[in-house]
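Data block below; observations after.
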Amino acid sequence: MPELPEVEVVRTQLEKVVLNKQIIGFDVYYPDIFNGDINRLREVLIGNEVIRMERYGKYLVFIFKNDDVLISHLRMEGKYLVRRIEDEKHLSRHDHLVFKFDDGMELWYHDTRKFGRMDLRKIDDYLLTKPLNALGNEPKNMQEGELYRKIYKKNVPIKVALLDQSNIAGLGNIYVDETLFLSNIHPERKANTITKEEADFITLNAVKVLDKALKLGGTTIRTFAAGDIHGRFQNELLVHTKANMPCPVCNTIIKKIIVGGRGTYFCEKCQK
DNA sequence: AACGAAACCTGCGCGC
DNA sequence: TGCGCGCAGGTTTCGT
């Protein structure tokens with residue numbers, strides 16, 4: 001489901017409801033979401049409090065007092081839902097974890113495809129160990145020439161290189177298509193044919209796309225929603241999902257192909 | 001080391 | 001109506 005803007009929306013929403021409340025219960029219905037011993041996680045959570053919410057690329061991070069850190073990746077369909085105990089909405093088969101707070105609020109981790117994963121770390125090393133140590137910089141934090149140095153030897157399609165989170169963090173299938181369209185670059189161009197100037201232009205356009213998406217609350221194409229927040233960036237998409245429709249720049253019909261196993265939308269006239 | 005394919009899961013829409 | 005297939009905003013693992 002979510003790429004950087006959507007995860008940032010989730011982070012902002014969670015920050016409003018979970019900070020500085022004691023966790024008094026933790027129910028588990030599908031333990032495989034957690035990488036590790038789920039009973040150890042419960043021991044750490046009970047009595048603990050989230051003091052800060054961070055985000056790195058598509059990773060959501062709960063910073064607890066007691067120096068504990070929970071890293072959460074939503075993958076395709078993960079969601080956090082906030083409920084009051086008195087709501088007595090019953091669990092669905094896709095609700096896997098329930099965090100219960102001392103003010104009666106419950107945070108439900110819901111994930112239709114069960115792809116999401118969580119890791120427990122300590123504050124001293126969570127940035128130095130998997131998975132965050134392998135993450136590249138976000139576009140807005142990249143220096144001139146940085147993306148070029150990451151990809152100039154790679155003999156893979158530029159789209160595949162941009163989806164690789166160790167090269168550049170935060171882009172997914174939607175925003176890569178949009179970024180490459182703005183950059184006038186064909187998604188199948190080999191990364192090792194991209195010039196330094198083109199790589200810097202890609203980085204610039206990625207910043208623009210992600211910033212605009214965040215301002216609009218992210219993109220809701222299929223199922224993404226952060227609580228009750230539905231993004232509006234889908235109304236601004238230039239090529240992604242636009243197969244057989246006219247290019248907004250030149251009116252050529254947008255094509256859909258498969259690149260790196262992912263549905264890919266582009267304009268063959270604008271993107272070379 | 002690098003790259004492509006399969007795997008992890010479930011639901012939905014489509015054609016027959 | 002029922003069934004099989006393809007597809008889905010992601011990452012890890014396996015095989016070459």
Side-chain angles (χ1 to χ4, degrees), chain A residues 1-10 29-36 55-60 71-80 91-97 109-119 129-136 150-181 187-188 190-192 206 209-210 212-214 216-226 229-244 256-265:
Chain A
M1 103 165 184
E3 306 178 40
L4 186 156
E6 291 76 27
V7 179
E8 179 59 18
V9 170
V10 173
Y29 299 91
Y30 185 75
D32 290 1
I33 296 295
F34 179 63
N35 289 323
R55 182 194 52 72
Y56 298 90
K58 305 173 191 174
Y59 290 89
L60 196 57
I71 303 169
S72 170
H73 197 302
L74 276 36
R75 295 281 180 91
M76 297 289 265
E77 305 262 1
K79 294 173 184 63
Y80 283 98
L91 289 162
S92 83
R93 60 188 255 104
H94 304 304
D95 293 318
H96 307 309
L97 301 171
Y109 179 74
H110 180 283
D111 191 340
T112 306
R113 294 173 73 179
K114 300 178 176 170
F115 279 178
R117 289 294 180 268
M118 298 182 193
D119 289 279
T129 60
K130 285 203 308 181
L132 295 183
N133 66 338
L135 200 60
K150 287 278 196 178
I151 67 171
Y152 77 103
K153 288 181 179 172
K154 304 205 182 282
N155 190 32
V156 296
I158 181 62
K159 170 154 180 175
V160 170
L162 296 177
L163 286 172
D164 183 336
Q165 303 295 300
S166 69
N167 292 328
I168 181 169
L171 296 175
N173 204 31
I174 296 175
Y175 299 124
V176 165
D177 282 2
E178 295 297 302
T179 296
L180 286 175
F181 176 73
E188 290 181 305
K190 291 299 174 66
N192 58 16
V209 168
L210 295 177
K212 185 172 178 185
L214 179 58
L216 292 172
T219 302
T220 301
I221 291 181
R222 306 175 53 243
T223 58
F224 167 75
I229 306 291
H230 283 258
R232 302 183 306 284
F233 190 73
Q234 64 276 13
N235 303 320
E236 309 290 323
L237 292 173
L238 300 173
V239 289
H240 193 83
T241 73
K242 304 297 184 185
N244 302 318
K256 181 183 182 186
I257 59 175
I258 304 295
V259 179
R262 316 293 302 276
T264 299
Y265 303 82

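A, B, ... follow the sequence lines: proteins, then strands. Residue 1 opens every chain.
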Can you measure [X] atom [atom1] to [N] atom [atom2] for me and round it to whole angstrom units?
X        : N      : atom1 : atom2 : answer
A/Leu4   : C/dG9  : CG    : P     : 17 Å
A/Tyr175 : C/dG9  : OH    : P     : 11 Å
A/Met76  : C/dT12 : CE    : C1'   : 14 Å
A/Arg75  : C/dT12 : CZ    : P     : 6 Å
A/Lys256 : C/dC7  : NZ    : P     : 6 Å
A/Leu74  : B/dC9  : CG    : P     : 17 Å
A/Glu77  : C/dG9  : CD    : C1'   : 9 Å

Shorter than 3.5 Å, N or O on both sides, protein versus nucleotides 13-16 of chain C: list them out with atom names.
none

Output the pairing pattern of DNA chain B as a dot-bracket string, 5' first, Watson-Crick or G-U wobble with both distances under 3.5 Å, | for cross-strand pairs, [ ] for crossing pairs.
.|||||||.|||||||

State, without any angle test, whether A/Tyr175 and A/Glu6 hold a side-chain donor-acceptor pair at a distance under 3.5 Å.
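A/Glu6 and A/Tyr175 do have a side-chain donor-acceptor pair below 3.5 Å.
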
So what does A/Tyr30 hit on the nucleic acid, given a heavy-atom distance under 4.0 Å: a base, only sugar-phosphate, or nothing?
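Result for A/Tyr30 = sugar-phosphate.
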
With stacking defined as ring centroids separated by under 5.5 Å and planes differing by under 30°, is A/Phe115 stacked against B/dC8?
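Per 5.5 Å and 30° rule: yes, stacked.
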
B/dC8 phosphate, OP1 or OP2: any side-chain N/O from A/Lys114 under 4.0 angstrom?
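Answer is no, no contact under 4.0 Å.
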
